[in-house]
Amino acid sequence: MSHQEKDSFGAKLGMWLFLFTEMLLFGGVFILYSVYLNRYPKEFGLGGHQLDLVFGATNTVVLLTSSLFAAMSVTAIKRGAKRLTLGLLSVTIGCALVFLCIKYLEWSAKFHHGIYPNSPKLIAGPPGESIFFSLYYLTTGLHGIHVVIGGILMTWTAVMVQKGILNSTDNVTLENVTLYWHLVDLVWIFIFPLYYLIL
Amino acid sequence: MSQDTAIGQGGFWRDTGRTGIGSWIFSTDHKRIGLMYLYCVLGFFLVGVSLGLLIRLELIAPGPTIVTAQTYNALFTVHGVVMIFLFIIPGIPASFGNLVLPIQLGARDVAFPRVNLLSWWLYAIGAVIVLVSLFTGGGAPDTGWTFYVPFSARTTTNVSLAVFGVFVLGFSSILTGINFITTIHRMRAPGMTWTRIPLFAWSLYATAWVQVLATPIIAITLLLVITERILGLGLFDPTRGGDPVMYQHMFWIYSHPAVYIMILPGMGVISDIIPVFSRKPIFGYKMIAFSSLAIAAAGSAVWGHHMYTSGMSDLGILVFSFLTFIVAIPSAIKVFNWVSTMYKGSISLEAPMLFALSFILLFSIGGLSGLILGAAATDIHVHDTHFVVGHFHYVMFGGTGFAFFAAAHYWLPKYYGRRYKEKPAIVGWILMFVGFNVMYFTMQVLGMEGMPRRYYDYLPEFARLNLVATVGSWILVAGIIIVVWNLWRGLFRGEPFTGNPWGGATLEWSIATPPPTENFDEDPVVTHGPYEFKGAGVP
Amino acid sequence: MTTTQAVDPVFTFLFGACLVLLVGITATMVFFVVRYRRSKNPEPTSQVSGSPLLEVIWTVLPTLLVMGMFYYGWTSYLSLRTVPKNAMQVKAEARMWSWNFIYDNGKQSGKLIVPVGRPVQVNLESKDVVHGFYVPAFKIKRDVVPGMKNHVWFVATSPGTYDLFCSQYCGTGHSAMITTVEALPPAQFAAWLQQQAAGGAAQGQALLEKYGCLGCHSLDGTAKVGPTFKGLYGSQVKVHRGDKEETVTVDEGYLRESILNPAAAVVDDFPAVMPQSAMPEADLKAVIEYLKGLK
Amino acid sequence: MDTEHSEHILSYGKLMAVWVALLVLTAATIMVTRVELGVWKVWAALAIASIKSGLVIAFFMHMKYEPRLFRIILFVALFTLAGFIGGTFFDVLYR
Ligand code: HEA
Ligand code: HEA
Ligand code: CUA
Ligand SMILES: [Cu+2]
C-alpha cells in the first residue's frame, strides 16, 4: 500500500520540482531584464535612480526576517512545540503583510508621479525608460502575487497546525509551504540588487 | 458479466461499486483519469482534424472557396492551438501515461493522485476557456498558434482569453510532469531497477523534465502577451523600445522543447511495441533510454532554428544550427535500434505493429526534412512555406498521431476487456497511410516551389498540387473514420480480451484484465527486464 | 555567385543524403518484415539485445554526416549575407498589406523593378507588424521587423517577372500581400528610373500606391480586404455608422470622411480594419480627383 | 527505492546565524554598489546575491541535509535557466 503511508521524501521532491517551475517563470522575466539592460544601460540607470532604496532595503530585511521565522517554525514543529510554531508562523505572516504595505506605499508614490504602465509620461519619455518601468511593475507585481499566495498558504498551514493535523511526526506540508516562502524570498534577493542597487 | 452491453468486464470499472459521472470526475484513480484524458484528447483531435479538413477544402482551388480570409485565418489558428495544446501535448503522456505508467512500475497509483485529478480539471478548464474565446469578444483569434507580436498585441480578436486558456493548460502540463517524475523516483516496485524500467516509462521521464523546466517560460510569455494587450506594457513594442524578436525567443524557448514533449512519449510507445510484436528483446535498451534524456537536454537549446530569417545575429544562427544537428543524432540512434530489434525476430503484423512500423517511416521522413530546415542556407528558402507545414505534420501526425493510434490498439483492450476487429483496423490503417502521404508529401513539394504558409489564397501555379493534397485529406478522413469507429465499437461491444494475447513482458500484462482499482493484490517483485519474453507467460 | 547558385547545391546534397538514408532504412525494415514474419519464422532465431560496436558505428557515422550538413549549410548561408560591393540600394516599406519600394532618387513603386545583372540590396522597413520579404526564384527571405534594420540581396541574371510574397503572417490580407520583382535590361531600367511620375491619373495612382491603399483596394473591380475603387464614386453603399444602418451615395464628402476617419462609417460585409491616414490636403485632393475618374 | 534519510533538525541558533549573515551580506551589497565600480558592481552585486541565495537554499531550505538527488536536480534546473539566458545572448550581443 505504497500510497497510504505518507511519503514525505516524495512530497518534498514534488515540491522542489514545483519550485523549479517558479524559478523558471521568474527566469523568463530575468531574461528580458538582462537583454534590455544590455540595450538601454543609460535609461535603466536613470530609471533605477528613481526607485526608493529605503523602501527596497526595508523590504529586503522584512523578507529575510520572515524567512528566518518560517525556517524556525519547521524546527519548532519537529520538536513538538505547537504554540511556538503557531507564534513563529504568525510573525511570518505579519512580515508578509508589512512587505505588502510597503510595496503598496512604494507603488502609489510612483503612480503619483505619473509613472505607471502606459502612462503619458512614460510614453513621452525615452523608449528604454518605459521598458524599465514596465519590467519593474511586471517583476514586482508577479512577486507580490507570490507573496499573497505564500501568505494564504501560510495561514492555511497555521490552521492545520492549530488543529493538530500537522504535528511533530507529520509535518511535510508545513515544510513544503515554508519552502515556497523561501523561494519568494530568493526571488527578492535578486530583484533587490537588480532594480534598486546596480543601476 | 454476462450482459454483452456492459462496459468492460469488471476490474476498476466495477470494483469500487460506484458508477455515474461523479465517480469519474472526482476520482483519483490514475486509470479513470487517464481515460477521461483520453476521451477529451480524442474529442479535441476530432475537432482539430475537422478544422484541418476545412482548411484543405478552402485550399482546393485558388480564390475564395468556402470561407473569407478572416475566417480562414481563424481556422488555422484554432486548428493549431487545438492540435498543439489540447491534443498532442497532453495526448500520450496524460492519457496513456496515466493509464500505463503506474502499472508498468508496479505501483498502485501515481505519487500525487489528487494533484493528478487537479491537473485534469485544469486541462478541462483551460480547454473550456479556449473554446469560449472562439465565440466571445472580438471573435476567434487570428494570430496563428505562435501569437507573434506586434500583430497579436493589436488584432481586435479575442486573443487575450485564448492565451489565458493556454496559460491554464500549461499548469496542467506542469503538474503532470511533476507527478510523473516523482512517481518514477519513488513508486517503483521492489526489483524495478532503473535498467528494468520499460522504455515507455523512460520516455515519459524525459518528457516530464521538459514539461517541468520549459513550460514556465511559455506561461510568462503568454502572460506578457496579455499584459501587453491590456496594460500596454510595451515590452515588445518597437515604438516604445521593445524588441519583437525577443518575443520570438521567449516563445520558442518553450515551443521547441515542446515538440519533444510531443514526440518522446510516442517514441516510448514504439519502443514498447516493436519488441513485443517481434518477440525479441529491444536492441540497445540503454542507448534508447539514454537518447530520450539526450533529446530532452539538447532539444532545450535549439529554439533559435525557428528564427533564422527574423534578423537574429549570424552567430546565433551558427550556434543554433549546429545544436539542431546535434539533436538529430539521438533520434537516429533510436531509429536504427528499432529496426535492428526486428532482425531475426518473429514478426507479427497486427494493428499496433502496423502503426508502429509506419511511425518509423513517417517520422523518418519528417525528421529528415527537419534536417533541411536545420541547415541555415536551405531553411531560408523553405521557412514559412508549406514545406514546414509538411515537416511538422509528418513528425506530429505521422509520428505522434500514429503512435497514439498504435498505443490505442495495443493498450486499450487491456483496460476495456474487449477488443476491436483486426480487418477493419488494417483497412483503416492503409487508407490513413496512403492519404497521409498523398497530402503531406505534396505539401512539401509545394513548399519547395515557394508557396508560403498561412495563405488563404494562392497563385494559379500552385493550383494542381493543392488539389492533390486536398484529395489526400479525404482519403485520410476515410481511414480515420474507419479506425476510430472500429476501436469504439470493439471496445464496447467486441470480443472479450483477456490474458496476454500480444505476449508482452511488462507488468501491465501480468495483472487481471481490466485491472482492478488497486492494480496489484500484493506488491509485485520484479525479477526480469521489460523485454525478456522467455518465461514471462508468453503463449 | 548568385544567391540561387549558393543555395541550390546544398539542397541537392541534403536531399540526396536524406533519400539514401530513407531508402536504406525502409528497405531494411521491409526486408526484415518479409524475411522474419511469424508465419515463416514462428520463433525468434536470435536474442541479441545490443552490440556496442554497431551502436558506436551508428552514433559516429550520423554525427559525421550531420556535421557535414551543418557546415555546408552554414557556409552557403554566409553568401546570402555577404552583399557584393557594387550593389544597388532600394528601400522596401512593408505595411498591412502592401509593399512600396523607394529608390535612391526618391522614385517609388509598388513593384520591385531591378536591372538585370546588377546585385540589389533591399533594405527592409516595416510600418506596423512583422512581414516577410520572400522571392522564391532567388531563394531569399528575410523578415521585415518593425524597429529593426534587416536587409537581403539578390541578383537577377535574366530579364523576367518573379513572384514576391509576404512570408510572415500579418493578418487578414497576408496572402494578398504579394507583388513582383521585374528584372529589366540595364538601359531600360535606367530609363524607367529617370521617368518622373506624370501628373493627373498617373499621379493619383502613384499616391494610392505610396499610401498603401492598393494593398486593400483594387482598381479593377475585385473586392480585396476592402471594397474596390472601380465605379465607387457615385454608387450607393450600405454602411453602418455606430449601430445605425444607412445607405449613402458616394460623394466627395463621404470619400474624404472614409479616408480621414475610416471608423466613422464602415461598409457592410467588410471588417473595420482600415487604418487612419494622415494625408496632406494636396494629396487628399489628388486622390479624390483620381477616385472620381475611376469608372 | 531510496532508503529513508535520517531527519535533520536545524537548531534555532544556526538559523539565527544564517539570518545575521544574510543581513550582513545585504548591507555589503548596498555598500558595494554605492562606490563607483563601473560594470563590476553588477557582477559584485550578483555574486553577493548568489551567496545569499546559496545560504537560503542550504540552510533555510535544508538543501544541505537533503540527499544528493535534490542537489543534482537543482543543478539541472539552474543549468537550464542559464542555457536559456546564454542562448538568447548569442543573438542579442552579436546582432
Ligand atoms: C513532434 C514534433 C516535432 C519534432 C519531433 C520535430 C523534430 C525536428 N524538427 Fe521540427 N518542427 C515542428 C515539430 C517537430 N519537429 C513544428 C510544429 C514546427 C513548426 C512550428 C511553426 O512554425 O508553426 C517545426 C519547425 C522546425 C524548424 C523551423 C522551420 C522554419 O520555420 O523555418 C526546424 C529548423 O531547424 C525544425 C527542425 C527539426 C529537427 C532537426 C528535428 C529533429 O528532432 C528530427 C530528428 C529525426 C531524424 C533525423 C529522422 C530519423 C532518423 C533517421 C532516419 C536516421 C538517419 C538520420 C541521420 C543520419 C541524421 N523543425
Ligand atoms: C497534431 C497536430 C496536427 C494534426 C494531427 C493536424 C492534422 C491536419 N492538418 Fe494541421 N496544423 C497543425 C497541427 C496538426 N494538424 C499546426 C500546429 C498547424 C499550424 C497552425 C498555424 O499556422 O498557426 C497546422 C496547419 C495546417 C495547415 C496549414 C495552414 C496554412 O498555413 O495555411 C494545413 C493545410 O492544409 C493543415 C491541414 C491539416 C489536415 C488536413 C489535417 C488532417 O490530418 C486531418 C485529416 C483527418 C480528418 C479530416 C479526419 C476527420 C474525421 C472526422 C471529422 C470524422 C470523425 C468521425 C467519427 C469519429 C465518427 N494544417
Ligand atoms: Cu505581410 Cu504577411
Ligand atoms: Cu524547433
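So you know, we letter chains A, B, ... as the sequences are listed, proteins then strands, and number each from 1. Scope of the values below: all heavy atoms of this structure, side chains included, with no hydrogens, waters or symmetry mates.
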*Asks:* If you measure from OG1 on B:Thr183 to CG on A:Leu13, what distance do you get to the nearest 0.5 Å?
*Replies:* 9.5 Å
*Asks:* Shortest non-hydrogen contact from B:Leu213 to A:Phe20?
*Replies:* CD2-CB, 4.1 Å
*Asks:* To the nearest 0.5 angstrom, please state how far the CZ atom of A:Phe30 sits from the CD1 atom of B:Ile220.
*Replies:* 10.5 Å
*Asks:* Are side-chain heavy atoms of A:Leu142 and B:Leu223 found at a separation under 4.5 Å?
*Replies:* yes
*Asks:* Does atom OH of A:Tyr104 have more than 12 heavy-atom neighbours, drawn from other residues, nucleotides or ligands, at distances under 6.0 Å?
*Replies:* no
*Asks:* So which atom in A:Pro127 and which in B:Gly241 form the shortest heavy-atom distance, rounded to 0.1 Å?
*Replies:* CB-CA, 3.4 Å
*Asks:* Could you tell me which portion of A:Phe26 (side chain, backbone, both or neither) has an atom closer than 4.5 angstrom to a non-hydrogen atom of chain B?
*Replies:* neither
*Asks:* Of all heavy-atom pairs between A:Thr21 and B:Val212, which one has the smallest distance, and what is that distance?
*Replies:* CG2-O, 3.3 Å
*Asks:* Measure the shortest side-chain to side-chain distance between B:Asp243 and A:Arg39 over non-hydrogen atoms and say whether it is less than 4.5 angstrom.
*Replies:* yes
*Asks:* Find the one option among B:Ile217, B:Ile178, B:Thr227 whose heavy-atom pairs under 4.5 Å with chain A are most numerous.
*Replies:* B:Ile178
*Asks:* Would you compute the distance between atom CE of B:Met246 and atom CD1 of A:Ile131 and round it to the nearest 0.5 angstrom?
*Replies:* 10.5 Å
*Asks:* Report yes if the side chains of A:Phe133 and B:Leu233 come closer than 4.5 Å at any heavy-atom pair, otherwise no.
*Replies:* no
*Asks:* Identify the heavy atoms of B:Phe236 and A:Leu32 that sit nearest to each other, and give their distance.
*Replies:* CE2-CD2, 4.0 Å
*Asks:* Quick one: OG1 on B:Thr182 to CE on A:Met15, what's the gap to the nearest 0.5 Å?
*Replies:* 12.0 Å
*Asks:* So, do B:Leu231 and A:Tyr116 sit near enough that their side-chain heavy atoms are less than 4.5 Å apart?
*Replies:* no
*Asks:* If every non-hydrogen atom of A:Leu138 is compared with every non-hydrogen atom of B:Leu235, which pair is closest and at what distance?
*Replies:* CD2-CD1, 4.1 Å
*Asks:* Taking the side chain as everything from C-beta on, heavy atoms only, tell me whether A:Asn118 gets closer than 4.5 Å to B:Arg240.
*Replies:* yes
*Asks:* Heavy-atom distances under 4.5 Å only: say whether A:Tyr40 touches chain B with side chain, backbone, both or neither.
*Replies:* side chain
*Asks:* Measuring from B:Ile174:CD1 to A:Leu25:CG, what's the distance to the nearest 0.5 Å?
*Replies:* 8.0 Å
*Asks:* Does a sphere of radius 6.0 Å around NZ in A:Lys42 hold more than 12 heavy atoms from other residues, nucleotides or ligands, not counting ones at 6.0 Å or beyond?
*Replies:* no
